[in-house]
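To keep things clear, I will list the structure first and then write my remarks on it.
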Amino acid sequence: MKQFKILYTEDDETLAFLTKDNLEQNNYEVNHCRDGQMGLENFKKENFDICILDIMMPKMDGFELAAQIRKCNSDIPIIFLSAKTLKEDRIKGLRLGADDYLVKPFSIEELLLKIEIFLKRSQKNILTEKPVYEIGKYQFDTSNFVLFNESEKISLTQREAELLKLFLDNKNSVLKREQILTSLWGTDDYFMGRSLDVFISRLRKILSNEKGISIENLHGIGFRFTM
């Protein structure tokens with residue numbers, strides 16, 4: 001059985017020790033870094049399967065570290081662990097391409113479940129079935145998470161790309177909210193629902209000038225992508 005490798009950044013030594021110990025007891029290999037700069041240097045030197053990042057760190061905060069990681073790798077799952085509880089911080093993290101955002105103090109059981117879900121999903125690589133779709137004036141390259149035409153290129157996060165592909169595979173049909181959440185996150189969770197709303201808002205903005213294309217909100221039911 002493969003031992004998955006985790007990049008873990010946290011400047012609180014006590015919390016880092018406890019979290020690292022729990023992860024290692026669950027058969028994960030953990031590379032702990034005390035600051036964001038050290039985290040980035042280690043990420044560039046080694047191959048990791050998932051990143052778990054604190055936000056408030058010396059030298060480079062978690063937001064900047066996530067942005068730098070996404071420049072190197074658009075696929076790897078990223079989970080933020082942070083004491084920052086403001087909605088704006090959570091949204092900022094998700095827009096940077098994070099897969100989840102857990103607020104301290106967090107449950108180690110919940111963290112382990114999230115890690116398992118994201119690793120299973122990344123291993124399946126669900127975006128390989130049909131590599132390119134036509135969407136209005138754009139082509140959607142599912143393998144590289146890019147919408148493009150002759151004059152424009154728009155990079156999507158992996159989650160945005162997965163959501164758009166799910167809509168395209170079910171265009172003009174109603175997708176229930178819980179169906180979308182389970183397909184993308186493996187769970188129908190309130191906080192994942194808030195994350196879903198962020199991704200849908202960005203997709204709407206990107207496609208707002210495309211005639212005949214819309215993501216309709218069916219209150220209390222779900223969404224319908226039409227084109």
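Aromatic ring pairs are classed by plane angle as parallel below 30°, tilted from 30° to 60° and perpendicular above 60°; the pair Phe225 and Phe167 is parallel.
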Result block: side-chain N/O donor-acceptor pairs under 3.5 angstrom for residues 50-65, not counting sequence neighbours:
{"unit_1": "Asp54", "atom_1": "OD1", "unit_2": "Lys104", "atom_2": "NZ", "d": "3.0"}
{"unit_1": "Asp61", "atom_1": "OD1", "unit_2": "Phe63", "atom_2": "N", "d": "3.1"}
{"unit_1": "Asp61", "atom_1": "OD1", "unit_2": "Glu64", "atom_2": "N", "d": "2.8"}
{"unit_1": "Glu64", "atom_1": "OE2", "unit_2": "Gln68", "atom_2": "NE2", "d": "2.6"}

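The shortest side-chain heavy-atom distance between His32 and Thr19 does not fall under the 4.5 Å cut-off. Residues Thr142 and Phe140 form a side-chain contact, since some pair of their non-hydrogen atoms from C-beta on lies under 4.5 Å apart.
The heavy-atom pair separating Phe199 from Ala98 by the smallest distance is CZ-O, 4.4 Å. Nearest heavy atoms, Gln158 versus Ile76: OE1-N, 4.5 Å.
In this structure, CD1 on Ile115 lies 7.0 Å from CG on Leu119, to the nearest 0.5 angstrom. In this structure, CG in Leu207 is found 6.0 Å from CD1 in Ile213, a value given to the nearest 0.5 Å. Separation of atoms CG (Leu15) and CD (Glu10) is listed at 4.5 Å; rounding is to 0.5 Å. Rounding to the nearest 0.5 Å gives a distance of 3.5 Å between OH of Tyr133 and CG of Asp169. Put simply, CG on Leu175 and CD1 on Ile221 are 12.0 Å apart, with the number rounded to the nearest 0.5 Å.
Asp99 places a side-chain N or O within 3.5 Å of a backbone atom of Ile78 that can act as its donor or acceptor partner.
Salt bridge absent: Lys165 and Glu162 never bring a charged side-chain N and a carboxylate O closer than 4.0 Å. Between Lys120 and Glu116 there is a salt bridge, with a side-chain nitrogen of the basic residue lying less than 4.0 Å from a carboxylate oxygen of the acidic one. A salt bridge links Lys20 with Glu24; the closest basic N to acidic carboxylate O contact falls under 4.0 Å. One finds a salt bridge joining Arg177 and Asp197 here, because a Lys/Arg side-chain nitrogen approaches an Asp/Glu carboxylate oxygen to under 4.0 Å.
Scanning for side-chain contact (heavy atoms from CB on, under 4.5 Å) contacts around Glu46 gives Lys5, Asn31, Asn42, Phe48, with sequence neighbours left out.
For the side chain to side chain donor-acceptor pair (under 3.5 Å) condition, the pairs that include at least one residue of residues 216-227, sequence neighbours left out, are Ser214-Thr226, Glu216-Arg224.
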Steps toward side-chain contact (heavy atoms from CB on, under 4.5 Å) verdict (Asn22, Leu111): CA-CA 10 Å; Asn22 273 282; Leu111 176 60; over 6 Å; no

